[in-house]
Every structure is written in C-alpha cells, then in structure tokens.
There are 2 protein chains.
Amino acid sequence: MGSDDTPAHGAATRESATRARTRRAILDAAVSVLTADHGASLGDVAEAAGVGRTTVHRYFPERSDLLAAIGTDVRDRVAAAADRARLDDGPAPEAMERLCLEYFELGDRLLLLYDVPQFVAWSGIEEESAADLALLTLVRRGQREGTLDPEVDAGWLQDVMWALLYAAWMQARDQGTPRHTALSLCLRTLRKAVAP
Amino acid sequence: MGSDDTPAHGAATRESATRARTRRAILDAAVSVLTADHGASLGDVAEAAGVGRTTVHRYFPERSDLLAAIGTDVRDRVAAAADRARLDDGPAPEAMERLCLEYFELGDRLLLLYDVPQFVAWSGIEEESAADLALLTLVRRGQREGTLDPEVDAGWLQDVMWALLYAAWMQARDQGTPRHTALSLCLRTLRKAVAP
DNA sequence: CCTTTCTGGAACAGAGGTGTTCCATTGTGG
DNA sequence: CCACAATGGAACACCTCTGTTCCAGAAAGG
C-alpha cells in the first residue's frame, strides 16, 4: 500500500487509472469468488476477474496481500456505511435500522467478512472497529433511553443485528427472496427482537 | 457404510468394539478440527484423534468419505434432537424453545454444518430434512394458532431461529459468555422476535 | 507515431496434501 | 498362549496451488 512498485519520479503520484481499474476488478472478483468458496485458488480469482494469474500476483504479491486488501476495502466501506447511518441522530431503534439498511447494501462483502474470520486478524481491523464501537454506543444509548431492551448485554444486541442481517442475506441468496423483501423481514424482526 | 471391509464369516456382524471406538474418535476429532479450520488436512485430523494418518484412510478411504460420515452423523443427531423436542406438543413458542435448547447442545457439530454448506450436498441431507420440515410445520401451526407472527414467511422464522442460535454459539465461543447465559439470551430474544 | 506502461502466457521449482502400499509392532479375544 | 485384528510409520507417485522469472504483444498516453 504505502510502498508502491512505481517508486521513481514524483512522490505524490498515486496510481494510473488503468491500474486502479484492474485492481478493483481483481478485488471485486476475489470477493465474489471467495464468497462462493473460501478455499478458491488465485487462478480462479484471476479467471473471474478476466485477468492473467500473473497479473494478480503483480498487484498482490502473496495470497495474504490480496486477503488483506479485501479486508481493508471492507473496513472502509463499513466505516462509510456507519457514517451514512448517522447513528447519533434520532431514536436508537431507527438509527439501528438505518445502519442495518446500509450494511445490507454491502452484501457479499460483509458475508465474506462474516465467515472468514481471518479477515478480522488481517489488515488492522482490531477486535472492535470504530463502526462496532459506534454501534455499541448506540445500543447503550437506546438502553438508557428505554427504547432498547435493557435486560440483555449490549454486545448481544449487536450480535443479534448481525445474525438477522446474515439470515436476510441467506434468504435472498438461497431462497431467491427479493432483496427488499428480505430486508423488510429483517427490519421487522429486528425491531421486535431489540424492543424492551 | 453398508459394505464393510470385514466381509467374511457371518453377515449381521457389525463392527468390532475396538473399531467402533476408533471410528468415533476420528469422527469427533474431525468435527472439532474442521470447525476451527475448514481446510484442515487429514493429517491434522489424525493427530487430533491420536491416530495415524494411515488409520484415518483405513476408515475413510477418501476425504469426501470422512465428510460424508460427519454429515450423516450430524443428520442423525439433529433428527434425534428434533424428536426429543416433541414439536407437536404444547404451545408453538415453547416447542420452538425446546428445539432451540436441544440444538444448542449439539454445539460445534451444527456450527460446522452451518458454514460448510457442502455437507448439505454430501450424504443425503436433502434441501429439507425431516427435522426442517417438522420445524416448518410447527411454525405454521403457531401462526394458525396466533402464537407466532403470522405476517412473515414461515421459512423466515425458521431462519431467524438458526441465526439466533448461531449468534449464541459465537457469543459463547468468542466472548466467553457462559453457555447457559448465551442460551438464555438466545431464547429471550427468540421469544420476542417470533411473537405476533 | 513512438515510447512507456501494462498485460498474458509459458515454464519452473517448491511446498503441501492425498491416496496407496508394505511391513513391523502392538493389542485383544478366544 | 497364540492367532488374528488393528495400528503406526515409512516411502511412494501424483496432484494442485503458489510464487517467480522472462518475454513478446497489446494498450495507453504523450
């Protein structure tokens, strides 16, 4: 990331548009391929990205570099999503639903993060990311205000949200439930589950 | 399974006590090793079982045979658990909680079944096992009787139960929450989530 | 248009897992 | 106590994935 393989000339020079596009293609392909099969080979990823295996290695020297890059990518998107949800505004349950909605849109990417726990270890996602902490704070606020169930641990309510999101994704993926239907089932159930 | 490698003498002869014990040891070790790392090698399994790699191959000629055996084992346990829960008795929500409790006890084994989807394909677990169908029937009964939320699809409520179970296992495994605490959180939340 | 960047393919060595065979050793049960 | 069941280890060929190098051709971009 910091040390590029195009060292010479300037210093601020980032990455050519071509390279940026190729990088994204590989990253996106990796997400969908790895979601389907956690043990997929780099050859599979390359093929899915419409790119030579050599090129994948050119961007991500080792397998772990690719995984780390995915982790970083997801972390950024999660942070942005949490930001958009404005967790500090309005009633806690509604803020939680906004977050759920934002996260739902991230789809596959979060599914992958969910069941490939190594990603949490890779690429500086600490145990508690900023987004996780913000959610935890939100839950505590809701419990204080009496809008969220105060009798269970805040961490549990957090997990419940993730679990229902996961269920909704599965419903959409395996049962072919339309995305918006799955999401509204999720939100409805979440609303009831976290109520006092 | 049907065709043993001890063909001679009788016909009803099952398996020596020694062999049965070894088989179980391998199966159990495989579950815990594979739960920790889906891509673990047969060598790892053998080591965990306190058995030579050759011996593993003697019982399960190919990797897929071992996986299939795990699948079958889990399927049987699930069926027995569903049976013990007596899904046809009493109020639907309570029956659902009994099932949840039984499933929770299966621990690792179900976790594995959950995130190694191949198992569903291996070893004759059809899309809808008998236990799944019984649960679906239970949910429909509850909806008819007005004790379960009638406005959502029965399949969704089923998924919600699994999702909360999963969350409870994770809570126990990663946060070190005592098993009974995790279970009661799960049941409390489930009760609210599925209520009309 | 021509130079620089970027790419894909081939070919390679190495690592690690798999499945097999063979044999010496241990143990279990009659 | 003795035969036979059951085991563990070594050695084997084979496969797949990885990571690397090298080079010729395509694609940008000035």
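Naming convention: chains lettered A, B, ... in sequence-line order (proteins, then strands); numbering from 1 in each chain.
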inquiry  = One pair to check against side chain to side chain contact (heavy atoms under 4.5 Å, CB included): A:Gln158 and A:Asp153. What are the steps and the verdict?
reply    = CA-CA 9 Å; A:Gln158 192 182 13; A:Asp153 185 68; over 6 Å; no
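- In this structure, the CG atom of A:Leu42 is 4 Å from the P atom of D:dT18, given to the nearest Å.
- The phosphate of C:dC6 (OP1 or OP2) has no side-chain N or O of A:Tyr59 nearer than 4.0 angstrom.
- Nucleotide D:dT18 holds its C1' atom 13 Å from the CG atom of A:Asp44, rounded to whole Å.
- Remark: side-chain polar atoms of A:Asp28 are not paired, donor with acceptor, to backbone N or O of A:Ala25 under 3.5 angstrom.
- Using a distance-only test at 3.5 Å, with no hydrogens or angles considered, a donor-acceptor pair links the side chain of A:Trp169 to the main chain of A:Phe104.
- Below the 3.5 angstrom threshold, one finds a donor paired with an acceptor across the side chain of B:Arg53 and the base of C:dG19.
- When heavy atoms are screened at a 4.0 angstrom cut-off, A:Arg63 is found touching the sugar-phosphate backbone but no base atom.
- What separates CZ of A:Arg23 from C1' of C:dT7 is a distance of 15 Å, to the nearest Å.
- The nucleotide whose nearest atom lies closest to any side-chain atom of A:Thr18 is, among C:dT20, D:dT7, C:dC6, C:dC6.
- Inspection of the A:Thr177 and B:Trp156 side chains reveals no N or O donor paired with an N or O acceptor under 3.5 Å.
- In this model, the phosphate group of D:dA5 is not approached by any side-chain N or O of B:Ser16 to a distance below 4.0 Å at OP1 or OP2.
- Proximity of B:Thr55 to the phosphate of D:dT7: no side-chain N or O atom is located under 4.0 Å from OP1 or OP2.
- The residue B:Gly50 sits close only to the backbone: its heavy atoms come under 4.0 Å of sugar-phosphate atoms, none of a base.
- Here C:dT5 presents its P atom at 14 Å from CD of A:Glu15, a figure rounded to the nearest Å.
- Grouping the Ile, Leu, Val, Met, Phe, Trp and Tyr side chains by contacts below 4.5 angstrom, directly or via other members, places A:Leu101 with A:Trp162.
- Atoms CG (B:Leu66) and P (C:dT18) sit 10 Å apart, rounded to a whole Å.
- Within the structure, a side-chain polar atom (N or O) of B:Thr22 is placed less than 4.0 Å from OP1 or OP2 of D:dT7.
- The side chain of B:Val51 lies closest to D:dG8 when the candidates are C:dG17, C:dT7, D:dG8.
- Remark: P of C:dT4 and CZ of A:Arg19 are 17 Å apart, rounded to the nearest angstrom.
- Between A:Arg58 atom CZ and D:dT21 atom C1' the separation is 11 Å, expressed in whole Å.
- Of the residues near DNA chain C, B:Pro61 and A:Gly52, the one whose nearest nucleotide (by heavy atom distance) lies more toward the 5' end is A:Gly52.
- Here the P atom of nucleotide D:dA10 and the NE2 atom of B:His57 are 16 Å apart, to the nearest Å.
- Counting non-hydrogen atoms under 4.0 angstrom, A:Thr54 reaches a base of the nucleic acid.
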